[in-house]
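Presented below is the structure to which this report refers.
Numbered from 1 within each chain, the chains take letters A, B, ... in sequence-line order.
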Amino acid sequence: MSALPITIDAAPLPRAFYARSTLDVARDLVGQVLVCGERQGRIVETEAYIGQADRACHAFHGRTKRTEILFGPAGHAYIYLIYGMYHCLNVVTEAEGTPGAVLIRAAEPLGRGPGVLCRELGLSRAQNGLDLTTASELRILASRCSAGEVQASPRIGVDYAGEWAAEPWRFTIPDNRWVSGPRSTPRRRA
DNA sequence: GAAACGATTACT
DNA sequence: GTAATCGTTTCA
């Protein structure tokens with residue numbers, strides 16, 4: 001694991017960072033620093049949910065009251081309740097009018113898993129829609145910490161999405177202890 | 001209106 | 001393997 005010193009920008013990542021291809025944003029968010037109040041952590045695991053064609057994306061069923069924010073301007077938080085118990089934090093991507101978001105699954109030391117991350121940050125739907133490029137409560141700072149290679153793998157928990165479940169749209173820092181789900185180097189059996 | 005279904009987690 | 005738990009979506 002990297003013990004390199006982390007240099008963190010004071011200003012939040014600009015909207016232009018988020019108003020790009022969702023895959024690019026998901027990959028580039030790994031290694032950046034998520035700040036929520038007094039807590040902060042380096043993002044080590046993300047997933048891309050891309051547009052209305054992606055069956056695993058909430059925008060797959062079109063523009064509804066819940067998914068409205070996915071169609072809005074990039075750089076805003078999309079926080080929803082999952083399984084009636086946990087919340088998941090996403091960042092809206094793409095140009096306004098084009099739906100897309102990056103699920104922030106884990107950050108160190110805020111892991112593991114998207115539900116635990118929101119619980120530890122005290123995030124709920126009350127914070128849904130926050131502007132991450134300006135809000136002081138919740139923001140993401142650029143970090144020049146060397147994260148090493150970012151590894152791509154299939155998204156977790158979307159087996160229902162058919163062919164879309166196989167797309168390697170999950171991005172992780174390999175071998176990081178805070179990453180949830182399958183490890184990049186699974187324990188081998190003797 | 002009723003019912004099924006999760007972008008999860010913790011426990012048996 | 002499965003329970004917990006509720007908003008969103010779908011179907012009648």
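- Here Thr64(A) reaches the OP1 or OP2 of dT9(C): one of its side-chain N or O atoms lies under 4.0 Å away.
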### Query
With the sugar-phosphate defined as primed atoms, P, OP1 and OP2, and the base as all remaining atoms, what B/S/- string results for nucleotides 1-12 of chain B, 5' to 3', for protein heavy atoms under 4.0 Å?
-----BBBSS--

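- Near-neighbour residues of DNA chain B inside residues 121-133 of chain A, defined by a heavy atom below 4.0 Å, are absent.
- At a threshold of 4.5 Å between side-chain heavy atoms, the hydrophobic network of Ile, Leu, Val, Met, Phe, Trp and Tyr places Ile50(A) and Val30(A) in one connected group.
- Remark: dA7(B) base-pairs with no nucleotide in the shown strands. Criterion, Watson-Crick or G-U wobble with two distances under 3.5 Å.
- Rounded to an integer number of Å, the gap from CD1 of Ile79(A) to C1' of dT8(C) is 17 Å.
- For the residue pair His58(A) and Tyr78(A), a side-chain donor N or O sits within less than 3.5 Å of a side-chain acceptor on the partner.
- Using atom P as the reference point in both dT5(C) and dA2(B), the two lie 22 Å apart (nearest Å).
- Checking side-chain atoms of Gln52(A) against main-chain N and O of Phe60(A) turns up no donor-acceptor pair under 3.5 Å.
- Not a single donor-acceptor pair under 3.5 Å links the side chain of Trp164(A) to the backbone N or O of Val158(A).
- With hydrophobic clusters built from ILVMFWY side chains whose heavy atoms lie under 4.5 angstrom apart, Val25(A) does not share a cluster with Phe171(A).
- By the 4.0 Å N-to-carboxylate-O rule, Arg15(A) lies close enough to Asp131(A) to be salt-bridged with it.
- In a base pair of the Watson-Crick type (N1 to N3 plus N6-O4 or O6-N4) or a G-U wobble (N1-O2 and O6-N3), with each distance short of 3.5 Å, dT5(C) is matched with no nucleotide.
- Neither side chain, Glu94(A) nor Ser21(A), offers a donor N or O lying under 3.5 Å from an acceptor on the other.
- For the pair Arg20(A) and Tyr18(A), the cation-pi test (distance below 6.0 Å, angle within 45°) is failed.
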